[in-house]
Protein chains: 2
Amino acid sequence: MSESDTTREKIIVAARERFSHYGYPKTTIAELAEDCAMSPGNIYRFFKGKIDIAVEIARREALSAVEVIEAVLDCPVRSSRQRLEEVVFADLRYTFHLLENQPKTLELAQIVVSDRPQFQIESLRRERRVFQRILHEGQASGEFMVDNVPATTIALHAATTKYRYAQLFTNQTLAELERELAHVMTVIMRGLMPTVEGHAVPETQIPSGTNIAPIAATSDASDTSTTSGKSA
Amino acid sequence: MSESDTTREKIIVAARERFSHYGYPKTTIAELAEDCAMSPGNIYRFFKGKIDIAVEIARREALSAVEVIEAVLDCPVRSSRQRLEEVVFADLRYTFHLLENQPKTLELAQIVVSDRPQFQIESLRRERRVFQRILHEGQASGEFMVDNVPATTIALHAATTKYRYAQLFTNQTLAELERELAHVMTVIMRGLMPTVEGHAVPETQIPSGTNIAPIAATSDASDTSTTSGKSA
DNA sequence: CGAATGAACAATCAATAAATTATTCACTAC
DNA sequence: GTAGTGAATAATTTATTGATTGTTCATTCG
């Protein structure tokens, strides 16, 4: 079925282009069909409905987002603490830039989640697995002192909720959020790591994060400011 | 101006009743005027516009919510840890029950925040002050070991974001959220408290919380279940 | 003069009609 | 049989209109 697979891909490519340019609601099946040089009816041989095209695109987006985060893991040799911090900061930066440069992606995600609630649950679960792996490593190496890894993973994930799609909660700038997250991670790290000879666990430093590639804006990629500021 | 003050109060009482029963949008100025036995025009001698009535009601609601939380503070003698934990759990329970029993209150808050963004910022700031006071006390008594109280306050507040109006983020039950929050607090407490003689800081126990009065539902208070579960 | 009115006007909302769009399916081409 | 079509239909969206509501203000009342 390589033939129908490439056709299916053509539809996805066309849809991603139109969804990110004009948004999901303003994109019609007829337009997608025309882009793929086929009839509207034929789309339905590959997708059960319009929403399913969006689901597939969102699913891939979510997977590649986790891959970006995971890329931090198999980098050079680092402490578990560094890994954990870099993953959390990467999450903040990735989702922040996503919302800033590709607002249509959020719209798409919200539409998908609104009638596929399971989608969000699974995305969050995938993300937690990354956290859990780091906690396990740190526990094994003795760097962390955690008596219940699964529960602590959930706690860690929950405590950093504000820094996933942060613009949904606040209109702070990325720099402000990074400073704040550093303080959150300081407290958490002191909660995870054993105190050695009375020396306090040092504060979290904001990672440089130059090893993570920023997301390019779809069309006019001239605005690279990191400040938000919705309303007065 | 005691005369105009009581008139103003009459308007607020009538508005609170109608807003919580029928919602803000479906309540008309004409109805409020009739409830107060006055003309529509006269309302505008006391409030600049309809939205300002909502703002005043929401402001009082927010103040009394903080008072509920603060009530935990000047209770009997407790450790700073217990105070902090009880405040955080009280927050979860209060906002959870609010959304469950009085959904119109959320609607009102959202309307107010949508064109008075400052409102939310100030509400959060008030709440943080409670956190900060506890941190200060704990720091002074030596129970906590915090090198930067203001920054840690913000961190603590941010880390518990998910447990304020939790239903906006998840459809977990209150019991599930409480278990999760206990794990979050365990990590945070271990980050705030010094280790004594190699004994690990014990896990957070879910407070009984019977000292906090639940919110009564406005009209038909027959449903007292704590489970949510929006969609399949 | 302060307190209150209610008709007048502008802004918003609700209901309906019109147009567009998603989806199906009997059918053709290869 | 597989791949694809495109007209027919059901579901949604958009436009239009009339009704309702928020707000103002010249005026009345005490």
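A note on names: the letters A, B, ... follow the listed sequences, proteins ahead of strands, and every chain is numbered from 1.
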Whole angstrom is fine here: how far is it from CE in B/Met38 over to C1' in D/dC29? 16 Å

NA contact type, A/Thr28, heavy-atom cut-off 4.0 Å: base, sugar-phosphate, or nothing? sugar-phosphate

Quick one: on DNA chain D, does A/Pro40 or A/Lys26 contact a more 5' nucleotide (nearest heavy atom)? A/Pro40

Determine whether more than 12 heavy atoms belonging to other residues, nucleotides or ligands lie under 6.0 Å from atom CZ of A/Phe119. yes

Rounded to the Å, how far apart are B/Ile51 CD1 and D/dT21 C1'? 15 Å

DNA chain C: 5'-proximal contact among A/Lys48 and A/Glu31 (nearest heavy atom): A/Glu31

Using atom CG of A/Asp5 as one end and atom P of D/dT2 as the other, report the distance to the nearest whole Å. 16 Å

Side chain to side chain donor-acceptor pair (under 3.5 Å) for B/Glu100 and B/Gln167? Distances and angles first, verdict last. CA-CA 9 Å; B/Glu100 199 170 56; B/Gln167 293 103 318; 5.2 Å; no

Taking 4.0 Å as the cut-off, does a side-chain nitrogen or oxygen of B/Tyr44 come that near to OP1 or OP2 on D/dT23? yes

Measure from the side-chain N and O atoms of B/Glu56 to the backbone N and O of B/Ile53, and report whether any donor-acceptor pair falls under 3.5 Å. no

A/Asn42 has its side chain closest, among C/dT5, C/dA22, D/dG4, to D/dG4

Between P on C/dA4 and CD on B/Glu34, what's the gap in Å once rounded to a whole number? 17 Å

Proximity to the side chain of A/Lys50 - top-ranked nucleotide from C/dA4, C/dT23, D/dT5: C/dT23

Consider the side chain of B/Ile29, meaning its heavy atoms from C-beta on, and name the nucleotide among C/dT23, D/dT23, D/dG4 that approaches it most closely. D/dT23

Atom-to-atom span, CD1 of B/Ile43 to C1' of C/dA4 - whole angstrom: 12 Å

Whole-Å distance separating the OH atom of A/Tyr22 from the P atom of D/dT13: 21 Å

Are A/Thr160 and A/Phe131 close enough that some pair of their side-chain heavy atoms sits under 4.5 Å apart? yes

Rounding to a whole Å, what distance do you find between A/Arg45:CZ and D/dG6:P? 15 Å

To the nearest 0.5 Å, how far apart are CD1 in B/Ile57 and CZ in B/Arg16? 6.0 Å

